[in-house]
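Everything on this sheet refers to the single structure shown next.
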Amino acid sequence: IPGYGDSPPVEMVVTAQGRRTFLDHVLQELGMQKPVLVSPSMSGRFALPFLLAHGDRLAGFVPIAPVGTKDYTAEQYRGVQTPTLILYGDRDTRLAPQALQNLQHLPEHRVAVLPGAGHACYLDKPEDFHRALLGFLHQLK
């Protein structure tokens, strides 16, 4: 993610609008049409603004305890019709409950909880993670 970790700071990603635009450019450059956006942790700062502005351009959304969910209202979430799989590990007791509380307002959501997995549930329980993800993907139109 630009601007995080060891990556150089990028002026564009300072605002939610800038992060949304950055992600839009990435998807355009990759030539992606109706992708499924998987958004773990810090990537929520990019994915959530994009989802709220351009959710109709996504085939699906898979938030994995993303940050920034409290920055938006229940009403804003209710306006998104993108099929969503809210996915998290049951040992993530800090970020996952907050994300679930906010994201459950997405009208087309379902929830998958990975027992025994923490915040990086895809690393803790990769087989369970992939099973849940593939199940969701197979149900998309």
Tell me whether [Y] is reachable from [X] by hopping between hydrophobic residues (I, L, V, M, F, W, Y) whose side-chain heavy atoms are closer than 4.5 Å.
X	Y	value
L95	L123	no
L103	F46	yes
L140	L51	no
L137	I86	no
L37	L100	yes

Are side-chain heavy atoms of [X] and [Y] found at a separation under 4.5 Å?
X	Y	result
Y72	P49	yes
L114	D124	no
P35	L58	yes
L85	V36	no

Inset, instruction - State whether the side chain of K34 and the backbone N or O of D56 hold a donor-acceptor pair below 3.5 Å, judged by distance alone. - result: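 Judged by distance alone, yes, a pair lies under 3.5 Å.
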Legend entry - Non-neighbouring partners of Y122 that pass ring pair (Phe, Tyr, Trp, His ring centres under 6.0 Å), sequence neighbours left out: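 Here the qualifying residues are F129.
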Legend entry - Listed partners of H54 passing ring pair (Phe, Tyr, Trp, His ring centres under 6.0 Å), at least two apart: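 H54: ring pair (Phe, Tyr, Trp, His ring centres under 6.0 Å) contacts with F50.
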If I compare all heavy atoms of [X] with all of [Y], which pair ends up nearest, and what's the gap?
X	Y	value
Q104	H109	O-CE1, 3.0 Å
F136	P83	CZ-O, 3.5 Å
A99	P66	CB-CD, 3.9 Å
A96	G89	CB-O, 4.5 Å

Inset, instruction - Report the distance from atom NE2 of H105 to atom OG1 of T73, rounding to the nearest 0.5 Å. - result: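 If we round to the nearest 0.5 Å, H105:NE2 and T73:OG1 are 9.0 Å apart.
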Legend entry - Spacing of SG belonging to C121 relative to CG belonging to D128, to within rounding of 0.5 Å: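 The distance works out to 9.5 Å.
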Legend entry - Other residues, nucleotides, ligands: >12 heavy atoms within 6.0 Å of E29 CD: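 No.
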Inset, instruction - Please report the C-alpha distance between R20 and L52 in whole Å, then the side-chain angles of each, then the deciding distance to 0.1 Å, and finally whether the side chain to side chain contact (heavy atoms under 4.5 Å, CB included) criterion is met. - result: CA-CA 9 Å; R20 180 186 75 217; L52 292 168; over 6 Å; no
Considering residues at least two apart in sequence or located in another chain, which fulfil the side-chain hydrogen bond (donor to acceptor under 3.5 Å, both in side chains) criterion with [X]?
X	result
D71	R45
T69	N102
R110	Q139

Inset, instruction - Among residues two or more places apart or on two chains, list those pairs meeting side chain to side chain donor-acceptor pair (under 3.5 Å) that have a residue in residues 79-92. - result: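 Sorted result for residues 79-92: D92-H119.
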